[in-house]
Amino acid sequence: MTRSHGRLRIGVDVGGTFTDVSLYDDDSGRIWGAKVPTDVTAQDRGMVTGIAQALADAAGRADDVSFLGHGTTVALNALLERKGARIAFLTTAGFRDVLELARQQRPELYNFFVHRPAPLAPREQRFEVAERTSAEGEILTTVSARALATLIRRLRCDPVDALAIAFLNSYRNPENERRAKAILEAALPGLPISCSHEIAQEFREFERFSSVAMNAYLLPKVARYMTRLEKTLPEHGLRAAPLIFQSNGAVMAASLAAREPVRTLMSGPAGGVLGAAYVSTEAGFDDVITFDMGGTSTDVALIEDGKPSVTSTRNLDGYPVISPSFDVRSIGAGGGSIAWVDAGRFIKVGPQSAGAEPGPACYGRGGEDVTVTDADMALGYLNPEAILGGRMPVDHKRSLSVLERLAECAGLDVWTAAAGVVQIVTANIARLVRLVAFERGRDPRDFTLVAFGGAGPLHAGLVARELGIRKILVPAHPGLLCAVGMLVADLRADFSKTLVCDMRLGDTSVMGAVVGAVEDLQQLGRRAIGEGALGAPMAAPYTRLSFDLRYKGQNYEITVPVREGRDIAIHHEPSTVLGEAVADFHRLHERIYGHASADAPVQLVTVRLGVGIAHPKPHLAGLAAASVAEPPSVGRRSIRLVEVPDVSVDCLVRARHSVKPGETIAGPAIIEQMDSTSLVLRGQVAVADSSGNLVISEIDS
Amino acid sequence: MNVILSEVVNQLLLAVAEEMGIALKKTAFSPNIKERADCSTAIFDPRGQVVVQAAHIPIHLSSMIGLVERAAALVGRGELVAGDMVLGNDPFTCGGSHLNDIAVAMPVFTNGELVGFVANIAHHSDVGGRVAGSEVGDNTEIFQDGIRLPVLTVVRSGAVDLQVMELLLINTRTPGERQGDFNAQFAANALGARKVAELYARVGGAAYRDAIEALLASTEARTRAAIRALPRGTYRADGLLDDDGVHPGALPLVVRVDIRDGDVVFDFSGTSAQVATSINATPISVMAGIYYVMRAILDPSLPTNAGFYRPFQAEIPRGTLLNAMPPASVAVRFRSVQTAVDLVCKALAEAVPDRVVAGSRGWWGVIISGQDGGAAESFVDYEAHVGGGGATSSNDGWDATWSHCSNSSNLPIEVLEAEYPLRVVRYALRPDSGGAGRFRGGLGCIREIEATRGPVVFSIRGDGYRVAPHGLLGGGPGATGAVYRRTGARRRRLPATVVNGVLAPGEVLEILSPGGGGFGPARARDPRLTAADVAAEKITAAYAKRAYGAGAPLGPVAAKESGTYTARKRRRSRA
């Protein structure tokens with residue numbers, strides 16, 4: 001499939017409820033958005049509808065589209081609904097229960113009634129074979145066709161949809177996994193087989209086994225979706241090959257997604273983070289914390305120097321999955337989170353949510369609980385007649401009546417109770433933001449808060465104040481950020497290999513081993529590109545090399561990127577490049593943990609290599625110009641401030657599109673737009689920048 | 001009182017305790033703290049009352065209280081000032097639980113005023129004593145458990161006292177690792193103290209104090225309300241510990257739980273006298289067990305702070321297993337406490353059958369040590385292999401999962417093999433080991449470990465190898481555990497406690513952990529569950545027939561479709 005050279009780029013994010021499309025015109029620099037309902041049974045259908053709508057708005061043609069980034073939840077939904085494939089799992093003799101024994105921990109410390117999730121391959125579908133590799137990578141027992149004969153017979157009689165192969169110590173030497181795969185592929189043609197070393201050559205068997213079981217479980221469904229996508233899109237004139245968004249914030253070819261669907265599991269929140277990273281870097285903010293507050297939850301991620309924090313292992317619905325992804329943390333605190341009074345008469349907020357149905361009491365759909373949105377409504381922060389740009393009528397009196405009941409239970413007046421709900425949800429969110437920053441050894445005060453999601457811009461001011469953050473960025477279109485992320489993503493695939501060795505820089509055999517591991521990973525990268533995993537490359541690939549290092553004896557590693565422009569040097573002067581990495585490790589350790597031991601021996605644990613292809617990023621300069629034609633609207637409303645809820649305060653209300661670049665609005669003020677409401681607190685001031693972003697700052701006293 | 005501010009302060013203090021926990025885990029050197037998270041952190045008020053706790057390990061729940069009380073007294077006498085830290089581990093002088101758990105506490109001051117304390121506790125994998133790993137079953141006196149630390153000022157005005165440090169380090173087999181862990185504990189406290197002082201300054205002294213008082217009062221009110229929802233009365237259970245770890249002979253444990261109007265009294269009269277081995281416990285450890293189990297039974301969402309603790313009292317006669325007098329060894333106090341918790345569940349099964357679990361006390365602790373090649377420092381591999389959890393009124397027990405007072409993770413096989421001269425030969429569920437019942441007990445596990453490069457020294461101890469974990473309301477007991485040594489084709493059973501046994505290269509240590517107890521009569525089990533267990537080979541067909549009277553299924557499919565149903569129907573029609 002060739003890539004056309006049209007002027008339009010498209011990003012499509014398929015979410016649970018809506019499919020968001022962003023369309024960017026390289027020539028004019030303008031951006032358009034479309035929002036259509038998601039077709040849960042066929043995500044490509046909603047996608048095509050949304051693209052058609054955006055193209056119509058922009059007066060563009062399908063064959064002008066040169067780039068099509070796509071975030072899909074096919075894999076995640078299959079997991080959450082437990083509708084993945086029927087799989088078999090093959091492992092080293094003696095270890096079929098590793099998947100079930102997990103880490104022998106119960107999920108909740110104080111709850112007798114909660115179980116770990118059942119393994120994705122039930123016990124009767126987990127098989128063992130005589131084979132063994134030592135921790136040093138020596139093959140102690142070679143896997144043989146004879147040893148696999150029983151399994152082959154069994155799978156012929158009782159076929160499965162996919163097979164996972166996971167052998168002990170295969171991270172060190174994958175030879176036996178490869179051999180078993182070759183034998184089984186020959187004997188069982190057409191059966192998709194995933195090996196654990198293909199997903200990650202990293203140690204800790206339970207996590208790696210769990211990852212490959214997950215991959216096999218998702219594979220058939222995702223592969224079918226990718227096949228259909230590659231057929232549907234050209235039928236609608238879209239000739240650009242779809243590129244699938246991954247959890248690591250990059251896109252890949254549909255063929256790679258079909259083979260390694262685990263790479264897409266966390267792509268949903270990653271889109272918003274990448275979009276936020278892009279918009280804030282464009283606006284001149286490199287160190288930001290994303291604050292994405294929706295209806296049921298809040299997602300938080302740290303972006304340093306324009307780069308979102310990455311984690312190598314995630315826990316999804318109780319299953320660990322090794323797959324590089326943006327380190328996005330969630331808490332059950334959203335606009336729909338329910339406030340309640342406990343037996344000690346304390347107000348608590350969440351984690352239960354009223355969701356979209358029945359939703360907050362003010363929606364008038366039968367919701368009887370107080371939600372955060374009801375508290376916002378009672379305090380006057382939300383439009384008392386209608387929200388979503390006037391599309392959805394609301395009844396603010398219902399908010400007040402449910403709050404009266406809550407206030408009575410807590411022994412408070414209604415305004416104090418409403419302010420309390422908002423303050424408590426603020427504290428809950430601040431706790432999460434602090435942790436996210438702290439785990440990276442950072443102070444939230446050194447960051448700008450980027451607020452998006454339906455409820456983010458409203459609560460950002462209070463959250464920022466709680467954390468001592470002085471600046472907030474509200475993007476021009478908070479609801480489009482995910483789709484913007486898909487639009488700006490690079491093509492990249494990440495590979496990793498565990499190689500536990502002491503960093504003796506003068507030891508040539510150690511240096512040789514590290515260089516060997518790097519070369520292995522480069523080989524994987526070259527093969528991936530050769531197989532079209534990154535589409536038809538427009539530019540020469542770049543590499544991004546990093547090492548997970550730790551002090552000998554520690555069991556936590558820090559990922560240390562090789563210094564800028566030093567990727568190639570690893571081959572001819574490995575001890576210099578690794579020496580730099582070790583020096584950077586001491587510095588990072590000092591920063592993250594507050595101490596370093598320059599004399600302590602350092603160990604290399606895992607080599608990581610990203611192989612990618614960059615493409616020129618759009619510039620959002622034209623965004624504001626697209627909207628200024630609309631008429632300004634100004635109003636006033638009385639609101640109550642959380643610090644003094646018993647008095648009402650007169651407050652300016654503005655429509656977002658009426659705020660001109662460079663205009664300054666002093667708080668208290670409310671700025672309404674279709675997909676969100678921003679609250680500027682007393683003592684804060686909002687300024688619109690040239691790209692249409694609002695920058696809210698504390699006024700210095 | 002301002003309930004809103006109180007909840008906000010609660011959340012913010014929890015964030016501080018969590019940050020301390022992250023700092024501790026991330027900076028520690030030993031796998032035991034980093035991988036297994038065998039550590040906890042807490043924040044206290046100026047009187048030494050726990051305000052918030054980020055507990056990873058339930059048995060730590062009360063272990064910092066004693067040290068902080070002593071620290072408060074030192075502050076009162078002007079002997080502990082800003083920037084100082086104390087540490088301690090001694091069960092008989094400063095509220096320790098066993099010597100491996102070393103707590104470090106620090107007073108927090110702002111402008112010369114005492115605001116409270118921060119503290120953390122971590123399990124150190126070797127604190128000296130007779131045997132590597134320190135925690136062995138056959139110590140007769142605490143002096144053999146390792147170094148006893150009374151309240152000891154280890155940091156003065158922010159600087160570590162090097163003489164104290166040297167004393168600590170020469171008393172352990174793994175000084176490098178210990179030093180790393182101590183530094184992590186100091187760093188976590190320094191961070192916590194700074195954050196608490198910041199919060200105090202921001203909220204304001206009076207408001208902060210009011211908020212904490214309201215928080216504790218509210219938690220106390222919630223706890224008492226939850227207790228009042230239980231049927232009042234006196235409930236009694238007794239049980240047996242396998243033995244004292246060395247000498248044959250089961251030891252009785254007795255508990256009477258008196259649920260009154262808003263409080264609960266636990267009386268352990270009738271429990272065995274203290275023993276001349278290391279399974280004795282002190283009251284602080286027993287209280288940790290009680291706090292844990294009552295939170296699980298009453299409401300898992302209750303906060304663990306001093307307000308929660310207030311309604312619980314225990315009467316534990318002096319000189320008994322659960323209130324041992326010096327110089328008793330308490331190295332393996334976990335055994336007695338875990339059994340006491342199991343018995344509280346057993347006693348309360350009569351009152352609240354839907355809220356308790358059947359016997360869940362099985363586990364094996366294994367310590368393997370030695371010198372690998374020419375390495376200077378000896379290695380200590382410290383593992384716990386857990387048994388099955390007990391069943392409940394609505395579910396089978398957890399298969400090979402920690403219950404009650406611990407929740408530490410296993411050590412990944414690939415980590416173990418990369419770091420130690422050992423190879424794991426097998427790690428599997430142990431079929432037929434769960435107690436039969438309407439809901440069956442969880443299965444135990446099998447772990448086989450081989451010495452590869454040279455002889456290694458091993459010590460084992462555990463529980464549930466003679467006295468099986470009990471069933472509840474007609475459920476059967478779990479299978480008892482066992483340990484074997486394999487040399488070639490020879491397989492010899494080992495006693496339940498081995499200290500400093502030697503495993504030669506090529507020899508295999510085979511560990512079978514106990515199963516959990518069943519719940520309800522076996523005849524009431526849904527035959528589909530039995531058939532599924534047979535199909536998954538979690539129970540054998542022969543066992544299914546023996547325990548459930550199920551017809552021997554022909555195979556996985558046949559079992560599901562016909563076998564068991566038919567057998568059951570036939571029996572019913574005969575009856």
Side-chain angles (χ1 to χ4, degrees), chain A residues 93-98 100-101 103-106 108-113 115-116 122-124 134-135 168-169 171-172 203-208 342-348 410-412 416 419-420 423-424 426-428 430-431 434-435 438-439 500 551 553-556 592-595 597, chain B residues 3-4 6-8 11-12 14-15 18-19 22-23 26-27 29-31 34-35 58 176-177 180 183 187 191 218-219 221-222 225-226 292 295-296 300 356-357 386 392 394-395 398-403 407 409-410 412-415 417-418 423 425-429 445 535-538 556:
Chain A
F95 299 95
R96 76 160 159 168
D97 288 327
V98 162
E100 192 151 353
L101 290 159
R103 290 296 201 102
Q104 77 178 16
Q105 290 168 301
R106 58 188 187 274
E108 289 181 26
L109 213 44
Y110 295 96
N111 199 325
F112 301 143
F113 300 91
H115 284 241
R116 285 195 296 264
R123 198 161 193 253
E124 48 271 49
S134 76
L168 272 189
N169 292 323
Y171 73 93
R172 196 64 201 262
F203 74 170
R204 295 184 182 117
E205 68 283 351
F206 168 60
E207 287 74 7
R208 195 175 70 253
D342 74 17
R345 301 185 87 184
F346 265 39
I347 293 181
K348 301 271 175 182
L412 299 169
T416 307
Q423 283 172 305
I424 288 164
T426 302
N428 293 351
R431 180 174 159 195
R434 254 185 239 284
L435 281 188
F438 184 69
E439 288 194 339
V500 184
Y551 290 116
Q554 288 189 324
N555 272 39
Y556 263 92
I592 297 176
Y593 306 131
H595 70 90
S597 323
Chain B
V3 296
I4 307 285
S6 202
E7 172 62 11
V8 169
Q11 289 295 327
L12 298 177
L14 271 171
E18 285 165 4
E19 285 181 29
I22 294 167
K26 286 207 157 185
T27 46
F29 272 52
S30 66
K34 305 179 75 71
E35 282 276 313
E177 193 177 272
N183 284 339
L191 173 96
S218 155
T219 304
R222 266 183 82 180
Y292 152 76
R295 182 170 158 189
V356 296
V357 281
V386 67
T392 65
S394 57
N395 258 311
W398 297 315
D399 291 336
T401 297
W402 267 123
S403 296
N407 196 28
S409 121
N410 54 14
I413 296 161
E414 290 176 345
V415 171
E417 293 190 354
R423 184 175 300 134
V425 178
R426 187 173 174 211
Y427 187 35
L429 293 172
C445 71
E537 297 174 283
K538 287 191 170 182

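Lettering of chains follows the sequences in order, A, B, ..., and the numbering in each one begins at 1.
Under the rule for a side chain to side chain donor-acceptor pair (under 3.5 Å), A:S597 has no partner lying at least two apart in sequence or in another chain. For A:R123, the salt bridge (Lys or Arg N to Asp or Glu O under 4.0 Å) test picks out A:D97, with sequence neighbours left out.
With rounding to the nearest 0.5 angstrom, the CZ atom of A:F438 is 5.0 Å from the CD atom of B:E19. Note: B:E417 CD to A:F203 CZ = 12.5 Å, rounded to the nearest 0.5 Å.
A:F206 places none of its side-chain heavy atoms less than 4.5 Å from the side chain of B:N410.
Contact detail for B:A225 and A:A343: the closest heavy-atom pair is CB-CB, 4.5 Å. Shortest non-hydrogen contact noted between B:N407 and A:Q105 is O-NE2, 3.0 Å. Closest approach of B:W402 to A:R106, counting heavy atoms only: O-NH1, 2.9 Å. Closest approach of A:R434 to B:A15, counting heavy atoms only: CD-CB, 4.4 Å. When all heavy atoms of A:E124 and B:A535 are compared, the closest pair comes out as CB-O, 3.6 Å. Minimum heavy-atom separation, B:R423 to A:S134: NH2-CB, 4.5 Å.
Among A:L168, A:T416, A:D342, A:T426, the residue making the largest number of heavy-atom pairs under 4.5 Å with chain B is A:D342. Of the residues considered (B:S6, B:S394, B:A187), B:S6 shows the highest number of contacts with chain A, using heavy-atom pairs under 4.5 Å. Among B:C445, B:P300, B:A221, the residue making the largest number of heavy-atom pairs under 4.5 Å with chain A is B:P300. Between chain B and the residues A:I347, A:N169, A:N111, the most heavy-atom pairs under 4.5 angstrom are made by A:N169.
Checked by atom type and distance alone, the side chain of B:E414 pairs as donor or acceptor with a backbone atom of A:E205 at under 3.5 Å. Without hydrogens or angle criteria, A:N428 side chain to B:Q11 main chain gives no donor-acceptor distance under 3.5 Å. Checking side-chain atoms of A:Q104 against main-chain N and O of B:A400 turns up no donor-acceptor pair under 3.5 Å.
With a threshold of 4.5 angstrom between heavy atoms, A:R208 approaches chain B through side-chain atoms but not through N, CA, C or O. For chain A, the nearby parts of B:V357 are the backbone and the side chain; heavy atoms of each come within less than 4.5 Å. Heavy atoms of A:A419 lying under 4.5 Å from chain B are absent altogether. Proximity to chain A is limited to the side chain of B:L12, based on heavy atoms less than 4.5 angstrom apart. Of the two parts of A:F113, the backbone and the side chain both hold a non-hydrogen atom closer than 4.5 Å to a non-hydrogen atom of chain B. Proximity to chain B (any heavy atom under 4.5 Å) is restricted, for A:E100, to the side chain, taken from C-beta onward. Of the atoms belonging to A:F112, heavy atoms from both backbone and side chain fall under 4.5 Å from chain B.
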